[in-house]
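Input: a single structure, listed below in structure tokens.
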Amino acid sequence: MKPSVILYESLPADLLSRLNEQYQVTEISALNAETVAEHADVFRHAVGLLGSGGKVDQTLLDSMPALKACSTISVGYDLFDVDALSARNIALMHTPTVLTDTVADTIMALVLASARRVTELDSWVKAGKWTKNIGPEQFSIDVHHKTLGIVGMGRIGKAVAQRARFGFDMEILYSARSAHKDAEERFSATRCELDELLKKSDFVCIILPLTDQTRHMIGAGQLALMKSSAILINAGRGPVVDEQALTHALKEKAIYGAGLDVFEQEPVPAQAELLTLPNVVTLPHVGSATHETRYAMKKDGVENLLAALSGQTDKNCVNSSALKK
Ligand SMILES: NC(=O)C1=CN([C@@H]2O[C@H](COP(=O)(O)OP(=O)(O)OC[C@H]3O[C@@H](n4cnc5c(N)ncnc54)[C@H](O)[C@@H]3O)[C@@H](O)[C@H]2O)C=CC1
Ligand SMILES: O=C(O)C(=O)CO
């Protein structure tokens with residue numbers, strides 16, 4: 001009998017058949033307490049777990065004594081208890097390379113849409129309000145030649161810097177725990193403290209992972225440092241920004257606007273005050289969600305799981321250094 005793998009995200013037929021060649025695959029609708037209880041026996045025997053969006057914590061691991069590898073169809077892995085996985089010698093695989101450019105494109109879309117009021121004016125035109133020549137009420141602000149501050153100068157941060165520098169002639173500032181000489185050389189990026197970045201930037205782009213250190217890194221105090229003409233973009237994880245403080249800053253016009261792909265609670269509740277504000281552009285966490293990139297992520301996810309289950313964790317493994325070979 002083939003060893004068992006649990007799949008909690010749908011796969012295209014070609015990728016599913018690659019898994020099926022070697023493993024008995026059980027597909028579940030989502031990873032949660034109900035599906036774990038429903039398929040308790042499969043969870044007890046499964047050696048692999050593939051999907052995205054479910055919490056993989058100690059409670060889940062206790063129900064999976066045979067688990068050898070998890071493969072998340074995402075680059076972010078904040079839903080995983082990495083220490084608990086490493087303590088059990090379970091590999092955690094992710095998809096860090098295939099989505100970088102797509103997410104950077106989404107971030108530039110948020111920069112442009114929020115600065116040039118694309119969605120707001122689109123609604124205005126469609127509502128039949130364009131009845132005479134436009135005036136200053138419809139004017140917006142320039143993106144080109146402005147200063148972009150990047151908080152999270154990793155793979156995606158650098159891809160954003162590249163677009164901003166060479167596509168829009170923007171000055172690039174970044175704040176980071178250590179210097180990124182490659183970004184300084186390629187994009188003439190200047191490293192500075194977070195406070196200075198917030199004070200000087202016309203656009204503040206947050207593309208950080210969610211960790212104990214980054215949770216609410218941007219709160220009322222940080223927003224107060226930003227220029228009243230500046231725009232905040234968050235495409236990392238929602239809880240990095242204190243949403244209540246952001247709502248207040250936008251309402252008071254303490255900052256010009258925001259572009260958000262991620263929220264403290266997802267899906268963002270329909271009654272959230274944030275959604276009533278004209279100076280915020282919202283997306284439903286679609287940073288990587290193009291047909292091409294979502295296929296590439298799923299392919300990576302399958303290949304990562306197959307590799308990890310055959311003992312290969314040299315590529316795309318979050319906790320390779322903690323694993324006993
Ligand atoms: N909106 C979306 O659909 C997507 C969101 N993401 C999010 O973006 C994050 C970043 O992705 P990548 O650029 O591929 O990751 P990365 O690991 O290449 O970059 C993250 C950067 O943040 C820095 N960082 C971490 N903690 C920090 C701290 N406390 N202070 C300052 N800098 C800190 C790291 O040193 C690194 O340079 C992911 O972890 C994920 O949460 C990623 C893909 C899609
Ligand atoms: O990969 C991630 O971390 C996402 O948020 C979705 O692509």
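What you see is a predicted model, and the numbers here were worked out from it, not measured in a lab. All ligand and atom numbering here is 1-based and tracks the order in the structure.
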Open item on the list: Regarding Ser4 and Gln24, do their side chains bring together a donor and an acceptor under 3.5 Å, going by distance alone?
Closed with: no

TODO: For ligand 1, indicate whether the residue Ile207 contacts it via side chain, backbone, both or neither (heavy-atom separation under 4.0 Å).
DONE: both

TODO: Measure from the ring center of His94 to the ring center of Tyr77 and say whether it is less than 6.0 Å.
DONE: yes

Open item on the list: Yes or no: does Thr211 have any heavy atom under 4.0 Å from an atom of ligand 1?
Closed with: no

TODO: Write out the protein residues near ligand 2, meaning a non-hydrogen atom under 4.0 Å from one of its atoms, in order of chain and number.
DONE: Ser74, Val75, Gly76, Leu99, Arg237, His285, Ser288, Met297

Open item on the list: Against Val103, only a single residue in Thr293, Ile156, Thr290 fulfils side chain to side chain contact (heavy atoms under 4.5 Å, CB included); can you say which?
Closed with: Ile156

Open item on the list: Among His285, Met297, Arg215, which one puts a heavy atom closest to atom 2 (C) of ligand 1?
Closed with: His285

Open item on the list: Does Arg116, at its CZ atom, have more than 12 non-hydrogen atoms belonging to other residues, nucleotides or ligands within less than 6.0 Å?
Closed with: no

TODO: For atom NZ of Lys227, decide whether the heavy atoms of other residues, nucleotides or ligands shown that lie under 6.0 angstrom number more than 12.
DONE: yes

Task: Min N/O separation Ser175 to ligand 1 under 3.5 Å - done: no

Open item on the list: Could you identify the single nearest non-hydrogen protein atom to atom 25 (C) of ligand 1 and state the distance to 0.1 Å?
Closed with: Arg177 NH2, 3.2 Å

Task: Close-contact set for ligand 1 against Ser288 heavy atoms, below 4.0 Å - done: 3 (O)

Open item on the list: Just by distance, no angles: are the side chains of Asp105 and Thr102 close enough, under 3.5 Å, to form a donor-acceptor pair?
Closed with: no

- [ ] Show the numbers, then the answer: is there a side chain to side chain contact (heavy atoms under 4.5 Å, CB included) between Thr214 and Met217?
- [x] CA-CA 5 Å; Thr214 64; Met217 188 187 250; 4.3 Å; yes

Open item on the list: Within ligand 1, which atoms have a heavy atom of Asp261 less than 4.0 Å away?
Closed with: 1 (N), 2 (C), 3 (O)

Open item on the list: Between Ser71 and Asn304, do the side chains contain a donor N or O and an acceptor N or O under 3.5 Å apart?
Closed with: no

Open item on the list: Looking at Lys181, I'd like to know if its NZ atom is crowded, meaning that more than 12 non-hydrogen atoms belonging to other residues, nucleotides or ligands lie closer than 6.0 Å.
Closed with: no

- [ ] Examine the side chains of Tyr174 and Glu184 and answer whether a donor and an acceptor come within less than 3.5 Å of each other.
- [x] yes

TODO: Scan residues 246-268 for pairs that pass salt bridge (Lys or Arg N to Asp or Glu O under 4.0 Å), counting only residues two or more places apart or in two chains.
DONE: Lys251-Glu273

Task: Nearest-neighbour protein heavy atom for atom 29 (N) of ligand 1, which is reported as residue plus atom name and distance - done: Thr214 CG2, 3.5 Å

Open item on the list: Below a 4.0 angstrom heavy-atom separation, can you tell me which part of Ile156, side chain or backbone, both or neither, approaches ligand 1?
Closed with: both

TODO: Check each atom of ligand 1 against the heavy atoms of Met153 and keep those under 4.0 Å away; list them by number with element.
DONE: 37 (O)

Open item on the list: Checking a contact table here: which protein heavy atom is nearest atom 36 (C) of ligand 1, and how many Å away?
Closed with: Gly154 CA, 4.0 Å

- [ ] Apply salt bridge (charged side-chain N to carboxylate O under 4.0 Å, His left out) to the pair Glu303 and Lys299, showing each step before the final yes or no.
- [x] CA-CA 6 Å; Glu303 288 171 355; Lys299 181 165 176 281; 3.5 Å; yes

Task: atom 7 (C) of ligand 1 - nearest protein heavy atom and its distance - done: Gly236 O, 3.5 Å

Open item on the list: Does ligand 1 come near enough to Val103 that some N or O of the ligand is less than 3.5 Å from an N or O of the residue?
Closed with: no

Open item on the list: Are any of the N/O atoms on Ala235, whether in the backbone or the side chain, positioned under 3.5 angstrom from an N/O atom of ligand 1?
Closed with: yes

Open item on the list: Closer than 4.0 angstrom, basic N to acidic O: yes or no for Asp122 and Lys126?
Closed with: yes

- [ ] State whether the number of non-hydrogen atoms from other residues, nucleotides or ligands found under 6.0 Å of His145 atom NE2 is greater than 12.
- [x] yes

Task: Identity and distance of the protein heavy atom lying nearest atom 40 (C) of ligand 1 - done: Arg237 NH1, 3.5 Å

Open item on the list: Could you tell me if Arg117 and Ser140 have a donor-acceptor pair between their side chains, going purely by distance under 3.5 Å?
Closed with: no

Task: Nearest-neighbour protein heavy atom for atom 43 (C) of ligand 1, which is reported as residue plus atom name and distance - done: Val75 CG1, 3.5 Å

TODO: Could you check atom 32 (N) of ligand 1 against the protein and tell me its nearest heavy-atom contact, residue, atom and distance included?
DONE: Leu208 CD2, 3.4 Å

Task: For atom 16 (P) of ligand 1, the protein heavy atom that lies nearest, with its residue and separation - done: Arg155 NH2, 3.5 Å

Open item on the list: At less than 4.0 angstrom from any non-hydrogen atom of Val262, what atoms of ligand 1 do you find?
Closed with: 1 (N)

Task: Distance-only side-chain donor-acceptor flag, Ser288 / Arg294, under 3.5 Å - done: yes

Open item on the list: With the threshold set at under 4.0 angstrom, would you say Met217 reaches ligand 1 through any of its heavy atoms?
Closed with: yes

